[in-house]
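Quantities reported herein were computed from a predicted structural model and do not represent experimental measurements.
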Amino acid sequence: MSRRSRRKHLVPGADAAMSAFKAEVMRREGFVVNPSRPDDVKFEVAQSLGIPLERGYNGDASTERMGQIGGQIGGAMVKELVRMAQEKLAKQQP
């Protein structure tokens, strides 16, 4: 098991909102996302990248390969957050 068993959000109770955000962003990226299990999108992302990922133990997978999966998900989320911030700023300017 990794040293970090579970990341915690800065805002208590943000887990559900972040999961919903992940599901929406990845759906827009073209992945099939079950809204009740948004974390399962990692399996679809892995498949699209040609990375074997199984439910349960994946201890033989390299950090690089796992980073490719998480990077695609996190990168899409960050791009959407930046887009949302830019849109908000544009509306504030006279």
Kindly work out whether a path of hydrophobic side-chain contacts (I/L/V/M/F/W/Y, heavy atoms less than 4.5 Å apart) joins Ile73 to Val78.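 No: no chain of side-chain contacts under 4.5 Å links Ile73 to Val78.
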Passes side-chain contact (heavy atoms from CB on, under 4.5 Å), Met26 versus Phe21? Steps please. CA-CA 9 Å; Met26 296 313 290; Phe21 180 67; over 6 Å; no
Show the nearest heavy-atom pair for residues Pro38 and Ser36, with the distance to one decimal.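 Of all heavy-atom pairs spanning Pro38 and Ser36, the closest is CD-C, 3.6 Å.
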Could you pull out the closest heavy-atom pair between Arg27 and Val33, with the gap in Å?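 What the structure gives for the nearest pair is N-CG2, 3.9 Å.
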Table please: side-chain donor-acceptor pairs of residues 60-68 below 3.5 Å, with sequence neighbours left out.
unit_1 : atom_1 : unit_2 : atom_2 : d
Ser62  : OG     : Arg65  : N      : 3.1
Arg65  : NH1    : Gln68  : OE1    : 3.4

Tell me whether Arg83 at atom CZ has more than 12 heavy atoms from other residues, nucleotides or ligands lying less than 6.0 Å away.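 Yes, the 6.0 Å shell around CZ holds more than 12 heavy atoms from other groups.
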Value rounded to 0.5 Å, distance of CD in Glu80 from CD in Glu29: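 The CD atom of Glu29 is 9.0 Å from CD of Glu80, to the nearest 0.5 Å.
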Without placing hydrogens or testing angles, list every side-chain donor-acceptor pair under 3.5 Å for residues 41-53, not counting sequence neighbours.
unit_1 : atom_1 : unit_2 : atom_2 : d
Glu44  : OE1    : Val32  : N      : 3.1
Glu44  : OE2    : Val32  : N      : 3.0
Ser48  : OG     : Val45  : O      : 2.7

